[in-house]
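Okay, structure first, notes after.
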Amino acid sequence: MKRATSKSAAADHCIRFGVVGLGMMGRTHIEAIRAASQAGLACRLVAVCDGDPSRLDGRARTGGNVVQGGFGLLFDPRSVRTGTQPEALLADPEVDVVSICTPTDTHVPLALAALRAGKNVLCEKPLGLTTKQIAPLLRLPQEPLLMPALCMRFWPGWRWLRDQIRSRSFGRVQSAVFRRLASRPTWSPGFYQDPRRSGGALVDLHIHDADFVRFCFGMPFAVSSTGSLDHVTTLYHFERGPAHVVAEGGWDHDSGWPFQMAFTVVFERATADFDFRRDPKLLVYEGGNKRSIELEPLTGYDGEIRHLVQCLSGGTRKLEATALDGFEVARLLEAEKKSLESGKRVRL
């Protein structure tokens with residue numbers, strides 16, 4: 001790994017990140033780390049790794065569906081160590097957290113290696129394609145920390161929704177509908193066009209809403225899914241939860257389709273509606289009146305980085321997204337896939 005000047009963590013008390021994989025998600029993590037540092041949190045990027053040497057010059061080359069960004073300087077290779085081999089980054093004593101932003105089929109081996117090297121880990125979702133793949137991560141000690149990047153748990157508007165559900169400020173939920181629709185990603189086409197590696201939209205896109213459903217209402221006792229791996233709609237069945245909880249996710253739209261991320265939740269005394277493409281994004285209809293909810297100008301990627309930094313900076317070290325959460329959402333998606341294939345309700 002190419003060396004660059006870097007102060008020690010003991011000197012500046014920073015949480016020092018190393019990012020493995022400089023595609024779209026690697027870029028997103030780096031930008032969130034930089035934004036957290038600029039907001040006053042003690043963190044910084046100290047190392048990056050990618051198998052493609054051309055990505056190590058620090059220039060941003062990939063956009064995305066949620067976070068578009070420009071194509072300027074992503075990091076300065078004069079102050080950030082660079083390399084093509086993850087083993088060098090994992091062995092770097094000045095890296096406190098390894099951010100894994102590589103294809104899904106590499107997540108578990110890299111996470112295991114990083115944890116065994118004594119590094120805390122932020123791993124992009126999903127942790128793995130199956131519960132069998134993820135299971136070895138649950139058998140490791142709880143220190144260092146492993147946090148799956150389940151970003152909707154931290155997304156402004158969505159976090160607001162979870163708080164209202166738990167506080168019952170508008171009464172109980174009667175209906176909750178989540179929608180996440182896109183065209184197929186154009187970055188890393190070899191990965192996204194191969195469902196054996198990506199899991200299709202079910203695992204790579206719809207996972208956000210499946211996890212958020214579980215985050216808000218707990219694990220359903222059964223699921224009923226229809227559609228395909230690239231466009232699925234699931235009804236979640238709860239013994240004591242809402243009777244109507246639905247999530248639709250797909251990336252089979254035409255290439256001109258704008259990314260959509262939305263929810264409509266009916267409470268006993270109000271309806272909350274979020275639309276990522278709208279301004280204001282979050283509206284509440286209550287007592288015949290409509291009002292907007294002011295949200296922080298952040299993303300869930302910002303939120304997850306800041307949460308992890310706070311946990312590692314002398315806080316409770318209690319993560320709001322754990323390896324067990326990554327395992328349980330994989331178990332939920334396995335049931336949805338089984339329902340897709342059988343056309344029947346599947347119990348968990």
Side-chain angles (χ1 to χ4, degrees), residues 1 9 14-21 25-26 29 32-33 43 45-49 83 85-154 197-199 203-204 207-208 210-211 214-215 218-219 301 303-335 348:
M1 177 162 283
C14 272
I15 303 301
R16 301 162 300 179
F17 282 83
V19 175
V20 181
M25 289 314 308
H29 282 217
I33 294 164
C43 64
L45 179 72
V46 299
V48 298
C49 173
Q85 300 300 317
E87 293 80 7
L89 187 147
L90 301 187
D92 190 334
E94 295 192 12
V95 171
D96 302 309
V97 180
V98 175
S99 176
I100 298 174
C101 300
T102 53
T104 300
D105 46 3
T106 67
H107 286 180
V108 170
L110 283 172
L112 286 170
L115 292 165
R116 287 167 177 161
K119 308 300 184 185
N120 300 288
V121 173
L122 174 64
C123 184
E124 255 311 313
K125 57 77 200 162
L127 284 181
L129 288 176
T130 66
T131 53
K132 183 177 180 179
Q133 291 177 2
I134 298 169
L137 294 172
L138 303 185
R139 294 194 284 268
L140 295 180
Q142 295 186 6
E143 295 282 348
L145 298 182
L146 168 59
M147 177 175 165
L150 299 170
C151 64
M152 298 317 298
R153 295 177 175 227
F154 305 94
R197 299 186 66 201
S198 69
V203 174
D204 195 83
I207 184 175
H208 288 299
D211 175 68
R214 181 177 166 271
F215 187 48
M219 184 69 88
Y301 309 116
E304 66 190 12
I305 291 290
R306 295 174 192 210
H307 172 69
L308 181 57
V309 169
Q310 290 165 352
C311 285
L312 293 172
S313 298
T316 65
R317 295 182 71 86
K318 184 177 180 181
L319 295 172
E320 289 205 18
T322 66
L324 181 59
D325 290 317
F327 178 89
E328 288 294 274
V329 73
R331 187 164 72 91
L332 180 56
L333 292 176
E334 285 177 343
L348 282 92

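Heads up: numbering here begins at 1 and tracks the sequence. Keep in mind that this is a model prediction, so the values were computed, not measured.
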Check your understanding: Between Leu138 and Leu324, what is the shortest heavy-atom contact and its length?
Key -> CD2-N, 3.8 Å

Check your understanding: Judged by modelled atom types alone, do Glu124 and His29 share a side-chain donor-acceptor pair under 3.5 Å?
Key -> yes

Exercise for review: Compare every heavy atom of Leu129 with every heavy atom of Gly199, then report the nearest pair and how far apart it is.
Suggested key: N-CD2, 3.7 Å

Exercise for review: Would you check if the side chain of Asp105 reaches a backbone N or O of Arg197 as a donor-acceptor pair within less than 3.5 Å?
Suggested key: no

Review point. Are any non-hydrogen side-chain atoms of Ser198 and Thr104 less than 4.5 angstrom apart?
Key: no

Check your understanding: In Å and rounded to the nearest 0.5 Å, what is the SG to CG distance from Cys123 to Leu146?
Key -> 7.0 Å

Exercise for review: Answer yes or no: is there a side-chain heavy-atom contact under 4.5 Å between Val309 and Phe17?
Suggested key: yes

Exercise for review: Determine, stepwise, if the pair Gln133 / His107 fulfils side chain to side chain contact (heavy atoms under 4.5 Å, CB included).
Suggested key: CA-CA 10 Å; Gln133 291 177 2; His107 286 180; over 6 Å; no

Point to revise | For the student: nearest non-hydrogen atoms of Gly118 and Pro144, plus distance | key: C-CG, 3.6 Å

Review point. Taking the side chain as C-beta and beyond, is there a heavy-atom pair between Asp325 and Arg214 under 4.5 Å?
Key: yes

Review point. Donor-acceptor pair, Arg153 side chain versus Phe215 backbone, under 3.5 Å?
Key: no

Check your understanding: Are the side chains of Phe154 and Arg306 in touch, meaning some heavy atoms are under 4.5 Å apart?
Key -> no

Exercise for review: Starting from the C-alpha separation in whole Å, work towards a yes-or-no answer on side chain to side chain contact (heavy atoms under 4.5 Å, CB included) for Lys119 and Leu89.
Suggested key: CA-CA 10 Å; Lys119 308 300 184 185; Leu89 187 147; over 6 Å; no

Review point. Is there a side-chain contact between Thr322 and Gln142 (heavy atoms, below 4.5 Å)?
Key: no

Point to revise | Electrostatic pair Asp92-Arg16, nearest N-O below 4.0 angstrom | key: no

Exercise for review: Look only at the side chain of Glu334 and the backbone of Thr131, and say whether a donor-acceptor pair between them is shorter than 3.5 Å.
Suggested key: yes

Review point. Is Glu328 paired with Arg331 through a side-chain N to carboxylate O contact shorter than 4.0 Å?
Key: yes

**Study point:** Least distance between heavy atoms, Leu127 atom then Gly326 atom
**Key:** CD1-CA, 3.8 Å

Practice item. Working to the nearest 0.5 Å, report the span between CD of Glu304 and CG of Leu150. Key: 8.0 Å

Review point. Does Asn120 reach the main-chain N or O of Leu145 with its side chain, forming a donor-acceptor pair under 3.5 Å?
Key: yes

Check your understanding: For Leu112 and Pro136, which heavy atoms make the closest approach, and how far apart are they?
Key -> CD2-O, 4.1 Å

**Study point:** Cys14 side, atom SG; Asp96 side, atom CG - distance, nearest 0.5 Å
**Key:** 9.0 Å

Check your understanding: Are any of the side-chain heavy atoms of Pro126 and Val329 separated by less than 4.5 Å?
Key -> no

**Study point:** Atom pair CG/CG of Asp211 and Leu332 - distance to nearest 0.5 Å
**Key:** 9.0 Å

Review point. In Å and rounded to the nearest 0.5 Å, what is the CD to NZ distance from Gln310 to Lys318?
Key: 15.5 Å

Point to revise | Side-chain heavy-atom pair Leu115, Leu137 within 4.5 angstrom cut-off | key: yes

**Study point:** Between CD1 on residue Ile305 and SG on residue Cys151, distance to nearest 0.5 Å
**Key:** 11.0 Å

Revision key, fill the gap. Taking every heavy atom of Pro148 against every heavy atom of Ala321, the minimum-distance pair comes out as CD-O, 3.4 Å

